[in-house]
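Report on the following structure.
Everything numeric in this text was worked out from a predicted model, so none of it was measured. Reminder, nothing fancy here: chain letters follow the sequence lines and each chain counts from 1.
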Number of protein chains: 2
Amino acid sequence: MAKNKRDVDAKVKKAALEETAARLFMEQGFEATSMQQIARALDVAPNTLYWYYASKDELLVGVLNRLLSQTLQRLPAIGGLPLKAQMAWLLDELEQSREMVATVHGRLDQSPVIRAWHDQFHHFVESSVILTLKTAGVDASRCATLATVATFLVEGLLAHPHSADQRNDILEWFAASAGSQLTLPGSTA
Amino acid sequence: MAKNKRDVDAKVKKAALEETAARLFMEQGFEATSMQQIARALDVAPNTLYWYYASKDELLVGVLNRLLSQTLQRLPAIGGLPLKAQMAWLLDELEQSREMVATVHGRLDQSPVIRAWHDQFHHFVESSVILTLKTAGVDASRCATLATVATFLVEGLLAHPHSADQRNDILEWFAASAGSQLTLPGSTA
DNA sequence: ACCTGAACACCGTTCAAGT
DNA sequence: ACCTGAACACCGTTCAAGT
């Protein structure tokens, strides 16, 4: 009981830490936000954060998992949508964490823990896209390639400023090109 | 005369700085290489670097321009090649500076001078690809979209580890999809 | 188990001073 | 014009000590 109580408290505390860190990371960027600053916002000593997280990068992973689980709660709604709509949805979702996505990519080579999170996330997204493509009747041998292309396009659109028209042209072109590879002609992916 | 002499000396010195910085950046990464370390390798005081460059990011830009001009000297050879071969060539070229490319993308939001260099580089690459597509007879209205897609694919392949087969599948699929949009059917882009 | 004060070993950068 | 010694204002992180 007492043990359980403590676990709950720790989780609540971590939630507060990650919420504050998330807010500051999104407002100012990961690099521009110091551990001191986060600690000050929480009214604790800077080194207190190190009781909960081994490093600033691990705190970032906590924040990322938090954002991810929030996104996953909104996900079920898009299950049946066509690929183009799914990509547009993912783009809108990630757009709000643009800075965070850039940070993850920028730290891949320096932080193994960020690298691990990133790879796992990519694997998850790509599996989902493959499933969507298969369900839409795309030739099984092409699914993996198309899924990778889809994620590259989402990442590209996310990383580089672009107009709504450009974005639509790219998604439209991709959906058409992917759709033309259907085993059963006539339907659209 | 004396003035000219000095200009030459400054250029030679900058070349040496950038060569050393480039080596250390590629060996250890940008972030893991301190200004102190570069200065030590050159046998100068750390703050000497600030007489030549306003910041570490500006030194990076110097290094990037240096690598770029080296690449440009190797470029003429690929003028007439098909798009797929051009993309493969660019990939091989950038692969050797993978870490540097990741650094640039990671610092876009923090450094205006890096952002400016990146945008200009992208504009240059995209213009070149558009020219190649137009020459190959691709419908003019699609060229911009396809060029953007091409650069996104190159960046994606560069940022994420992949096998030679995966890479070939993606480039092959893209070339085929782009080629099917030719104004004159029969030729290949 | 949780938190702190104080310190460590850096970092990029600045500035006044030299030649 | 070019370079230095010394310092500034940080940074992420550690550690011994408290409760």
Tightest non-hydrogen contact, residues A:Ile78 and A:Gln86, listed as O-NE2, 3.4 Å

Establish, from distance only, whether the side-chain atoms of A:Thr148 and A:Glu126 form a donor-acceptor pair under 3.5 Å.
yes

Atom CD of B:Gln36 and atom C1' of D:dT4 are separated, to the nearest Å, by 13 Å

Taken to the nearest whole Å, CE/A:Met35 to C1'/C:dC8 is 17 Å

Rounded to whole Å, CZ of B:Arg107 lies from P of C:dG12 at a distance of 10 Å

- Query: What does B:Thr48 touch in the nucleic acid at a heavy-atom separation under 4.0 angstrom: a base, only the sugar-phosphate, or nothing?
  - Reply: base

Regarding the side chain of B:Ala45, the nearest nucleotide among C:dC3, D:dT4, D:dC3 is D:dT4

Rounded to whole Å, CG of A:Leu42 lies from C1' of C:dC3 at a distance of 13 Å

From CD of B:Gln37 across to P of C:dG12 the rounded distance in Å is 9 Å

Rounded to whole Å, NZ of A:Lys14 lies from P of C:dC2 at a distance of 11 Å

Ranking C:dC3, D:dC3, D:dT13 by distance to the side chain of A:Lys56, first place goes to D:dT13

Per atom distances to the A:Trp51 side chain, the nearest of D:dA1, C:dC2, D:dT4 is C:dC2

(Q) If the threshold is 4.0 Å, N to carboxylate O, is there a salt bridge linking B:Asp9 and B:Lys13? (A) no

Across every strand shown, the nucleotide meeting Watson-Crick or G-U wobble geometry with D:dG12 (both distances under 3.5 Å) is C:dC8

In whole angstroms, the gap separating P of D:dT14 from OH of A:Tyr53 amounts to 17 Å

- prompt: Would you find a donor on one side and an acceptor on the other, under 3.5 Å apart, between the side chain of A:Arg167 and the backbone of A:Ala88?
  reply: yes

Query - N/O (side chain, B:Lys13) to phosphate O (OP1/OP2, D:dA1) under 4.0 Å - result: no

C:dT19 -> Watson-Crick or G-U wobble partner, both distances under 3.5 Å, gives D:dA1

Regarding the side chain of A:Ala10, the nearest nucleotide among C:dC3, C:dC2, C:dT13 is C:dC2

To the nearest angstrom, the NZ-C1' distance between B:Lys11 and D:dA1 comes to 16 Å

Of all heavy-atom pairs linking B:Val104 and B:Ile114, the shortest is O-CG2, 3.8 Å

Q. For D:dT4, does either OP1 or OP2 sit under 4.0 Å from a side-chain N or O belonging to B:Tyr50?
A. no

Walking DNA chain D from its 5' end, the first of A:Ala32 and A:Ala54 to be reached, judged by nearest nucleotide, is A:Ala32

